[in-house]
Amino acid sequence: MRPMRRKDRAVTDPAKINEIMSRCHVCRLGLRDGKRVYVVPLNFGLVERDGKQFLYFHGAGEGRKADLIRSTGYACFEMDTGYRLQGGEQACDYTAAFQSVIGEGTIAVVEDPAEKEAGLNAVMNQITGKDRWTYGPAMLKEVCVFRLEVESLTCKEHL
């Protein structure tokens, strides 16, 4: 990834980055579609395993998003929290407070039922605060779970 221009706003502490990500509700996934980019907002779950970060998403196993994930195997993402407009006397005095994370990595469809269940529980934990859910075999067979292995990310805050 290109280095951040405003290094004074960079967040580099992994614990703080994870804390910011834990407060985000939506992850915008960017997928290359020829010359275009398809951006889709999704619920997500964050899992750390073996020193790596993984984002899990769920959705239909068919359609534009699924097709692009299968054909490109790569995605970028953005998530943010804490947006507050900060006013001023003149238009150029206005700014915004925020915390954001931008990254990229490889993305694939999860086939293993145990990993699908773990991914779904990560998503549910992110949106409900509960991580113990049960899914029947039919549901696990029907739902499509996607795993993005984070290869790089930057985190920025302006408070």
Side-chain angles (χ1 to χ4, degrees), residues 1-86 95-112 114-131 133 143-159:
M1 281 188 88
R2 184 177 175 169
M4 187 180 300
R5 183 182 63 84
R6 292 292 306 262
K7 293 187 183 340
D8 60 313
R9 295 183 180 172
V11 177
T12 57
D13 176 42
K16 185 162 186 182
I17 293 170
N18 285 346
E19 187 271 324
I20 290 169
M21 291 173 80
S22 74
R23 289 189 289 106
C24 294
H25 299 290
V26 173
C27 180
R28 291 157 196 87
L29 197 62
L31 302 163
R32 184 172 40 96
D33 187 1
K35 292 182 182 179
R36 293 180 160 74
V37 176
Y38 177 61
V39 177
V40 59
L42 299 166
N43 292 118
F44 73 97
L46 172 65
V47 172
E48 290 194 53
R49 187 172 55 244
D50 301 325
K52 296 180 181 180
Q53 291 179 311
F54 299 89
L55 297 175
Y56 284 91
F57 310 95
H58 70 89
E62 55 190 40
R64 187 175 183 187
K65 173 181 63 192
D67 290 347
L68 292 173
I69 287 170
R70 285 185 179 97
S71 68
T72 66
Y74 208 78
C76 63
F77 65 90
E78 185 278 342
M79 57 184 80
D80 57 79
T81 188
Y83 177 86
R84 285 185 336 276
L85 182 64
Q86 298 174 333
T95 188
F98 65 91
Q99 294 173 307
S100 66
V101 177
I102 296 175
E104 58 190 333
T106 56
I107 190 166
V109 175
V110 175
E111 300 294 345
D112 176 62
E115 186 180 3
K116 281 177 101 170
E117 187 169 355
L120 289 170
N121 278 331
V123 172
M124 292 303 295
N125 185 52
Q126 184 77 19
I127 59 177
T128 70
K130 292 172 46 181
D131 65 353
W133 299 86
V143 71
C144 192
V145 175
F146 307 99
R147 176 192 62 243
L148 186 148
E149 182 176 342
V150 177
E151 293 180 357
S152 64
L153 66 74
T154 59
C155 183
K156 185 177 183 178
E157 70 179 353
H158 182 215
L159 302 174

May I have all residue pairs that pass side-chain hydrogen bond (donor to acceptor under 3.5 Å, both in side chains) and include part of residues 23-32, sequence neighbours excluded?
E19-R23, R23-Q99, R28-E78, R28-D80
Where is the tightest heavy-atom contact between I107 and A75, given as atom of each residue plus distance?
CG2-CB, 4.0 Å
Quick check: closest heavy atoms across A96 and H158, and the distance to 0.1 Å?
O-ND1, 2.8 Å
Could you tell me which residues satisfy side chain to side chain contact (heavy atoms under 4.5 Å, CB included) with K130, sequence neighbours excluded, listed by chain and number?
T128, W133
With sequence neighbours excluded, what pairs up with D33 under the salt bridge (charged side-chain N to carboxylate O under 4.0 Å, His left out) test?
R64
Side chain to side chain contact (heavy atoms under 4.5 Å, CB included) involving C155 - partner list, sequence neighbours excluded
V11, I17, I20, V101
For L85 and T95 the tightest heavy-atom approach is CD1-O, 3.4 Å
Let me confirm one number: the CG-OG1 distance from D67 to T72, rounded to the nearest 0.5 Å.
10.5 Å
Worked verdict on V150 versus F77 for side-chain contact (heavy atoms from CB on, under 4.5 Å):
CA-CA 9 Å; V150 177; F77 65 90; 4.1 Å; yes
Of all residues at least two apart in sequence or in a different chain, which pass the salt bridge (charged side-chain N to carboxylate O under 4.0 Å, His left out) check with E117?
none
Reference residue L55; test side-chain contact (heavy atoms from CB on, under 4.5 Å); the match among Q126, M21, R147:
M21
A97: partners by side chain to side chain contact (heavy atoms under 4.5 Å, CB included), with sequence neighbours left out:
R84, Q86
Output for pair (C24 SG, L46 CG), nearest 0.5 Å, gives 10.0 Å
Kindly give the heavy-atom pair with the smallest separation between K116 and E111, and that separation in Å.
CD-O, 4.1 Å
Applying side chain to side chain contact (heavy atoms under 4.5 Å, CB included) to A60 and not counting sequence neighbours gives none
Working to the nearest 0.5 Å, report the span between CG of L153 and OG of S100.
10.5 Å
side-chain hydrogen bond (donor to acceptor under 3.5 Å, both in side chains) pairs touching residues 38-55, sequence neighbours excluded, are N18-E48, N18-Q53, R49-Y56, K52-E149
On the 0 to 90° scale, with breaks at 30° and 60°, tag the F57-F44 ring pair as parallel, tilted or perpendicular.
tilted
Residues in salt bridge (charged side-chain N to carboxylate O under 4.0 Å, His left out) contact with R36, at least two apart in sequence or another chain:
none
Could you give all pairs that pass the salt bridge (Lys or Arg N to Asp or Glu O under 4.0 Å) test and reach residues 150-159, with sequence neighbours left out?
K16-E157
Would you please test K65 and F146 for side-chain contact (heavy atoms from CB on, under 4.5 Å) and show each step?
CA-CA 10 Å; K65 173 181 63 192; F146 307 99; 4.0 Å; yes
